[in-house]
Each structure stands twice: as structure tokens, then as C-alpha cells.
2 protein chains.
Amino acid sequence: MGTVGKAISLLELFSVDEPELGLSDLARRSGFDKATTRRLLVALTSHGFVEQDAGTRHYRLGAGLSRLARIREARFPFLQTAVPLVRDLAASTAETVHLSEFGVDRLVTVHVEHPARANRVNVDIGQLLPLHSTASGIAYLAFARDETVKACLAGSLDAFTAHTLIEPAAISRSMGEARERGYSICDQGYEEGVISVAAAIRAADGFALGTIAVAAPKARTTAAAIAERGLAVMEAAREISMRLNGENLQTLRRQA
Amino acid sequence: MGTVGKAISLLELFSVDEPELGLSDLARRSGFDKATTRRLLVALTSHGFVEQDAGTRHYRLGAGLSRLARIREARFPFLQTAVPLVRDLAASTAETVHLSEFGVDRLVTVHVEHPARANRVNVDIGQLLPLHSTASGIAYLAFARDETVKACLAGSLDAFTAHTLIEPAAISRSMGEARERGYSICDQGYEEGVISVAAAIRAADGFALGTIAVAAPKARTTAAAIAERGLAVMEAAREISMRLNGENLQTLRRQA
DNA sequence: AATAATGGTTCAAATAATGAACCAACCACC
DNA sequence: GGTGGTTGGTTCATTATTTGAACCATTATT
């Protein structure tokens, strides 16, 4: 791995659960030498990607990242556009709704709304979702570029639960169903006891760029609820896509 | 400059005005060799910090940045907290209101509300503000750590207009006034014909972490309007600080 | 058809990154 | 008030990575 990759992988150690980490901790988790880790942190700090707490000397993500993210968001107002619809959907379903955007080879969770009840599915902002074993992933793949689908199915596919589909043929079938139906269903493919539905948010060219999903404890979820949520999530995704692309969303090339 | 610094300085070439850049362009502007530039871009792309348009082959900021920025925001909800108050202030003043956060040695503009009129001060998201020559900068310095103030005054201070204060003593005086008054005033210190007021948003320890400012064309701004806006911006900053720190904002050590 | 852009690649030479060993300071625990 | 185990931080000879001139393939422009 090159030096910039190492620097970035340091940044990736921070999470919602652990937003502040010390030098030794970072060195341990990254596997880099303490001196290396520190040199990288200094470089990142000097550009505002990392900040150091004056008191504890621990490190945290810096304002430079917010800046760049805002510049990106100004050009491509994904969050701004989608968040209100995520809220609406969360209110009407009373279950966890999460929004994700594609990045490299996974989906990046960029927004979450949790219902005000104790028994719920918990998703963290920044959480990374695999493509083959989540409702969001299948919804994304259903409208992704062939190269992306191929790259996904070619890699080694982890089985997170006993229900995870890992045969390319089974995943392809699942994608096909999602494409026809307009939304995907994933029954405990990523975590035991969780059932989700998701739909793809699409760019002007018709290809998926992210997803919106509703996740709920399977124990209290009926088949009728799934169908209802599926329609709702599909409608929300359609509306977000429309708003993003100014009404002129092309019909997708790749139809079922 | 180390390799990670170079990689980051590539990212910094993107802006709201130019959110997409080609390889040659990036190489030219950064001053790096084309091969180097590309290697850096590949590294950044493979971690989702940069995306490449499939059609134009141009590069843009990637979803990985949004992810990290959201993780940061989850821990420290500066934007979430402040934006509503920025909106209120923009509505009541009918002038440009911008919010900034300290980073490295400057203020980073993280949110802007523009009034719906043609003649207005324009501020872009991501814009970097110098500390010594803007209302925000002076407001920040007035409640910054001594080290920060010292580092600022020690550096070479650019004169952006004929009105820019560049003598450390004059800047210190300006800071003192801002501290007493509760808000800063900057009369064309950064751009000719623009007058701004700003107040510091403070962390739990009493030190500034950002600012909120109102900027207007000087031609239509009376002394009374300045005073009125000063109070409003001060109140907004106080409210944001309160909400961020859960009511227990410590009185600042360094008083006038 | 020639010209000058563009994005992208190669490999010996130059440079920057590495890490074991080293401080100093802090904390917990007899 | 030692003692051992932390922590953050630094040094410098060794080592591995980055560098860039020259290269190719495409795609406009003239």
C-alpha cells in the first residue's frame, strides 16, 4: 500500500462509536509503526484532516473533511435532497430508514433515521454495507453498471449469516426480482433477525448511485408490511431520483 | 512536502466553482508531474476520496469524504446545530450570513445563506478566511488560545485592501474591542465595499471554535444597522454555543 | 493530414518513508 | 515513594517508495 493509502486507512479507523483515538491505539489498530503513524497524523493534522485534542492529546477527524464534503455536496446535493424524504419514510413506517451512497465497492451509509422505540434495528452513520448480502446492495446491483456487478460477483462473497446468499446465480436471481418488483428484499442476509427492503436511487443516466432502505426486526414484520414498505421505499427512491435529476430521468438501458 | 500532503493538496484544488478537473489540469495546478498526479489520484480513488466520471474521465471529490465528514458531524454536530440559527439570522437581516469553523490556521466556511437579492456579498462554501482581516477572524481571535493568536500575529499578514489592518498592535486592539463588545466589525478589511460583523461560537472550555457572520455591501449599510446586526449575530453565536455545550458553557478565562 | 491537446504508462534514479531504540511524563498499585 | 506499564513523542541509518522524462494511444482542432 502506498503512503496515501496508509494515511487514509488511519482516517478510516475513526467511527461514530470511537470518534477519538490515541496514538498508540491508532498504531496498534492500523498495524503501522508508532513513528509512522505519528508522521502520518502530523501530515493529516497540518492539512486539517485530523485534529488533536489539546487536553487528552487524542486525535479526531478534522474540519478539512467537512469542508471538502460540503464542496462535494454543493455540486451534488444528495444529502440535502434525500434527507427530507428519509424523514418522511421513517415517520410513516416507524422503523429504521437509512440512506447510502456507492463508494469504491461498497455502500456508504450517509444518513439514518431511527424510530423512537427500544426494539429497533440500529445502523450507524458511516457504516459500510456489502453489495451481495444487504437489501440496499441488491437494490444497487439491480441498476448498477455491468462492470460493477461483475466485479462484485467475481470477488469472494462472505456469508454473514446462515441465510446469506453467496452463489452468484442466486444473487443474480435476487437482483432480477428486485429490478422487476422495483425494490429488493433481504431476509437476514446480513444480520440474524433483521429484514429489510430497499430501492435504488438513480442518476440521470439511469444507473444507481445510492439506495434508501427500511430495516426492521423480523419478529414483528408481516408479509403485508414488507409489501407496503417496499412500495413506500420505491416511491421515495423515485422521488429522490427525480429531484436530483430535474424530472428528466432517462429510462434505464438495462431493463429486465 | 510529504506524499500525503501532496495527495491532500490535490483534493484542495476542487472547489464549488470547479468541482470537476481533468488529469492534466490537476497536474498543472498542483505543480506535480502528470505521472505523480495520476498515481495520487489512483490512490485517492481506491479509497473513495475521489471519483472519476465514466464519460469525461474527469475527477471529482468522492463519497468517502462525505462518510468521514458525517462521522465527524455525528460526534460534534456543529452544522446540525448551527444551520437553523444561520437561517433565522439570514431571514431577519436579509443579508449574507456565513458560518465557519477553525481549521489549522484559517477559518473554513461550512455553511452560507444568501439573501434573495442581486446586490449581495457572495461567499462560497469551502472558502477559507484569513484570521487577521475578516470580521470572523477577529471574532475568533478574540476568544482563541494565546498560542493561536501568537502564531497568527507572528506570520506575514497580507493586506487585501487599503483598509486591511496588518500591524499586530492594531489587530490586537480590534480583538480587544470585539471581546468587550461581544462582536467584531470589519470594514473592507478583506474586500473593498464589504462590511461585516461576526461573533465567536465557543466550545465548553470557553475558547472559540468557529464564528457566525453577516456580510453586506457597505453602500447600503448604516451605523445603526451594524449595531443591530452585531447584537443579532452575538445572540445567534451565544445560542449556538449553548446548544452545543448543553447550557454549561464556562465563562472564559481570558476576559477583557 | 498535421498539430496539439488529452489520459495513461514505464523504469532507472532520486528521494522520502520506515522502525528499533530511545526519552519523558503520567498512572496505578503495592 | 518506588516500580512497572502505560502513554505521546523523537531520532537516524537503512530501506523501499516516489519521482519524472520519455513514451504510447485517443481525441479534438486546424
Side-chain angles (χ1 to χ4, degrees), chain A residues 1-15 17-62 75 104-105 145 147-148 151 205, chain B residues 1-15 17-62 75 104-105 145-148 151 205 207:
Chain A
M1 196 190 324
T3 315
V4 313
K6 291 184 192 174
I8 295 179
S9 66
L10 272 188
L11 295 175
E12 317 236 280
L13 293 175
F14 296 94
S15 67
D17 288 330
E18 300 187 288
E20 297 205 318
L21 297 166
L23 172 60
S24 300
D25 217 5
L26 285 164
R28 220 175 296 117
R29 295 182 196 219
S30 63
F32 309 144
D33 186 87
K34 195 153 54 92
T36 301
T37 305
R38 189 167 139 74
R39 196 170 34 74
L40 294 172
L41 286 170
V42 168
L44 290 166
T45 304
S46 76
H47 287 265
F49 273 37
V50 157
E51 291 167 355
Q52 187 173 29
D53 189 289
T56 65
R57 312 235 110 196
H58 283 198
Y59 297 88
R60 68 172 100 91
L61 298 176
R75 195 204 91 92
V104 195
D105 60 350
R145 292 190 155 74
E147 341 149 21
T148 311
D205 60 11
Chain B
M1 197 191 322
T3 316
V4 312
K6 291 184 191 172
I8 294 179
S9 66
L10 272 187
L11 295 176
E12 317 237 277
L13 293 174
F14 296 93
S15 67
D17 289 331
E18 300 186 289
E20 296 204 319
L21 297 166
L23 171 61
S24 300
D25 219 3
L26 284 164
R28 221 176 295 116
R29 295 181 196 220
S30 63
F32 308 145
D33 186 88
K34 195 152 54 88
T36 301
T37 305
R38 190 168 136 73
R39 196 169 37 73
L40 294 172
L41 285 170
V42 167
L44 290 167
T45 304
S46 76
H47 286 266
F49 274 35
V50 156
E51 291 166 357
Q52 187 172 29
D53 189 290
T56 65
R57 312 236 109 197
H58 283 199
Y59 297 89
R60 61 164 166 265
L61 297 176
R75 196 204 93 90
V104 195
D105 59 351
R145 292 190 155 74
D146 281 336
E147 342 149 20
T148 312
D205 59 11
F207 290 110

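Naming: A, B, ... by sequence-line order, numbering from 1 per chain.
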With a 3.5 Å cut-off and sequence neighbours excluded, list the donor-acceptor pairs that the side chains of residues 31-43 of chain B form with protein atoms.
unit_1, atom_1, unit_2, atom_2, d
B:D33, OD2, B:A35, N, 2.8
B:T37, OG1, B:D33, O, 2.7

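Picking from C:dG7, D:dT18, C:dA17 the nucleotide with the shortest atom distance to the side chain of A:R39 gives C:dA17. Among D:dG9, C:dG7, C:dT18, the nucleotide with an atom closest to any side-chain atom of A:K6 is C:dT18. For B:D33, the side-chain atoms get nearest to D:dA21 when compared with the rest of D:dA21, C:dG8, C:dA20. Here C:dT6 is the nucleotide among C:dT6, C:dG8, D:dT19 with the atom lying nearest to any side-chain atom of B:S24. Closest to the side chain of B:T3, out of C:dG8, C:dA17, D:dG8, is C:dA17. Closest approach to the A:A35 side chain among C:dT6, D:dT11, D:dG8 is made by D:dT11 (side chain taken as heavy atoms from C-beta onward). Comparing D:dG9, D:dT18, C:dG8 by their closest approach to the side chain of B:L23 singles out C:dG8. The side chain of A:R38 lies closest to D:dG9 when the candidates are C:dA20, D:dG9, D:dA21.
Side-chain N/O atoms of B:Y59 include none lying less than 4.0 angstrom from OP1 or OP2 on C:dT6. The shortest distance between the side-chain N/O atoms of B:T36 and the OP1/OP2 oxygens of D:dG20 is below 4.0 Å. Listed pair B:R28 / C:dG7 fails the phosphate criterion, with no side-chain N or O lying under 4.0 Å from OP1 or OP2.
Between the NE2 atom of B:H58 and the C1' atom of D:dA28 there is a distance of 13 Å, given to the nearest Å. Atoms CZ (B:R57) and C1' (C:dG8) sit 9 Å apart, rounded to a whole Å. The NZ-C1' distance, from B:K34 to D:dT18, rounds to 17 Å in whole Å. Between A:D25 atom CG and D:dG8 atom P the separation is 8 Å, expressed in whole Å. Between B:F32 atom CZ and D:dT18 atom P the separation is 14 Å, expressed in whole Å.
In this structure the side chain of A:F49 never reaches within 4.5 angstrom of the side chain of A:I8, judged on heavy atoms. In this structure the side chain of A:R29 reaches within 4.5 angstrom of the side chain of A:L21, judged on heavy atoms. Taking the side chain as every heavy atom from C-beta outward, A:L11 and A:Y59 never approach each other to under 4.5 Å.
Mapping A:V42 and A:G2 onto DNA chain D by nearest heavy atom places A:V42 at the nucleotide closer to the 5' end. DNA chain D is contacted by both A:L21 and B:L40; A:L21 maps to the nucleotide lying nearer its 5′ end (nearest heavy atom per residue).
Summarising the geometry, atom CG belonging to B:L23 is positioned 9.5 Å from atom NE2 belonging to B:H58; distances are rounded to the nearest 0.5 Å. Taking CZ of B:R75 as the reference point, atom CG of A:L61 lies at 9.5 Å (rounded to 0.5 Å).
Between B:V4 and A:A7, the shortest heavy-atom contact is CG1-CB, 3.6 Å. A:S46 approaches B:V104 most closely through the heavy-atom pair O-CG1, 3.5 Å. Here the shortest heavy-atom pairing between B:G5 and B:M1 reads C-SD, 3.3 Å.
For DNA chain D, the residues of residues 43-52 of chain A within the heavy-atom distance limit of 4.0 Å (strictly under) are A:Q52, sorted by number.
Note on the helix from C:dT9-D:dA22 to C:dC30-D:dG1: angle between the axes of the first and last five pairs equals 40°, rounded to 10 degrees.
Rounded to the nearest Å, the gap between the P atom of D:dC23 and that of D:dT27 is 23 Å.
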Set out, in order, the CA-CA distance, both residues' side-chain angles and the distance that settles side-chain contact (heavy atoms from CB on, under 4.5 Å) for B:D205 and B:R145, then state yes or no.
CA-CA 11 Å; B:D205 59 11; B:R145 292 190 155 74; 3.2 Å; yes

